[in-house]
J.: 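I'd like to ask you about the structure that follows.
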Amino acid sequence: SQQGEEDPQALSIQEGENATMNCSYKTSINNLQWYRQNSGRGLVHLILIRSNEREKHSGRLRVTLDTSKKSSSLLITASRAADTASYFCATDGAAGNKLTFGGGTRVLVKP
Amino acid sequence: DAGITQSPRHKVTETGTPVTLRCHQTENHRYMYWYRQDPGHGLRLIHYSYGVKDTDKGEVSDGYSVSRSKTEDFLLTLESATSSQTSVYFCATATSGIDNEQFFGPGTRLTVL
């Protein structure tokens, strides 16, 4: 079973709009990460947020983490056509040396 | 890019044949991982390695074996391929197990007929 579950499964927005996707997980974590996957490519690491952090920014990305609700959100501001991709959250387990990925959110940014 | 290559990039094989996929890294990362990606399942961990000759099972290890005889290479073997193993396989590496930011290869598309 997947540790992380993303919501929504798919998202379609216009260029310039913000895109928000959510991730829920089941067990305690040390950190949560977000990755992007362009069609036909491998995943690329976007951002890591530790369990003692509540919010983190990187460029146009904003990630929040609520450990009491076991959930995280990824916000992409002022989206561009190049942001079209699938986005995955990943959580580590107690051992910390492996990740469990969610099913992903497919984002389509229309020009 | 973290210098991760996978070979072959595409392979079509028949049920019952052995298949070996290779992951090669030039970054001297300690950890290496094999995942499979299927529609509706995201990425699922098959096996991983935390050092030369040190490997462990992941979520979906049945029907797969791995070997790591040197830091830069991690091999995934399907001893007797089945149609259920048709998938896209990704290799990933990480420098440490603490933060575990992973770097991914380009993937291998395997079709078992």
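Residue numbers begin at 1 in each chain, while the letters A, B, ... track the order of the sequences. Atoms considered below: every heavy atom in the structure, side chains included; atoms not considered: hydrogens, waters and symmetry mates.
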J.: Under a 4.5 Å cut-off applied to non-hydrogen side-chain atoms, are Leu99(A) and Tyr48(B) in contact?
T.: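 No, every pair of side-chain atoms sits at 4.5 Å or beyond.
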J.: Pick one of side chain, backbone, both or neither for Gln9(A), based on which atoms fall under 4.5 Å of a heavy atom in chain B.
T.: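 Contact with chain B is absent: no heavy atom of Gln9(A) under 4.5 Å.
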J.: Do Met21(A) and Ile29(A) share a hydrophobic cluster (ILVMFWY, side-chain heavy atoms under 4.5 Å, transitive)?
T.: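 Yes.
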J.: Regarding Gln33(A) and Gln102(B), is there a side-chain donor-to-acceptor distance under 3.5 Å anywhere?
T.: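 Looking only at side-chain atoms, Gln102(B) and Gln33(A) do not form any donor-acceptor pair under 3.5 Å.
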J.: Looking at Glu15(A), I want to see if its CD is surrounded by more than 12 non-hydrogen atoms of other residues, nucleotides or ligands under 6.0 Å.
T.: yes
J.: Please determine whether residues Val63(A) and Val107(A) belong to a single hydrophobic cluster, defined as Ile, Leu, Val, Met, Phe, Trp and Tyr linked transitively by side-chain heavy-atom distances below 4.5 Å.
T.: yes
J.: Applying a strict under-4.5 Å side-chain criterion to I, L, V, M, F, W and Y, I'd like to know whether Met32(B) and Leu45(B) cluster together.
T.: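 No, no single cluster joins them.
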J.: Roughly how far, to the nearest 0.5 Å, is the CG atom of Leu48(A) from the CD atom of Glu101(B)?
T.: 7.5 Å
J.: Taking atom CZ of Arg9(B) as the centre, does the number of heavy atoms from other residues, nucleotides or ligands within less than 6.0 Å exceed 12?
T.: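 Above 12, so yes.
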J.: Among Tyr50(B), Tyr33(B), Tyr31(B), whose side-chain contact (heavy atoms from CB on, under 4.5 Å) with Lys98(A) holds?
T.: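 Running side-chain contact (heavy atoms from CB on, under 4.5 Å) over Tyr50(B), Tyr33(B), Tyr31(B) with Lys98(A) returns exactly one hit, Tyr33(B).
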J.: A quick test of your reading: do over 12 heavy atoms of other residues, nucleotides or ligands sit less than 6.0 Å from CZ of Arg80(A)?
T.: no
J.: Looking at CZ of Phe104(B) and OH of Tyr35(A), how far apart are the two atoms once the value is rounded to the nearest 0.5 Å?
T.: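 That separation rounds to 5.5 Å.
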J.: Is Gln37(B) in contact with chain A via its backbone, its side chain, both, or neither, using a 4.5 Å heavy-atom distance?
T.: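 Only the side chain of Gln37(B) comes within 4.5 Å of chain A.
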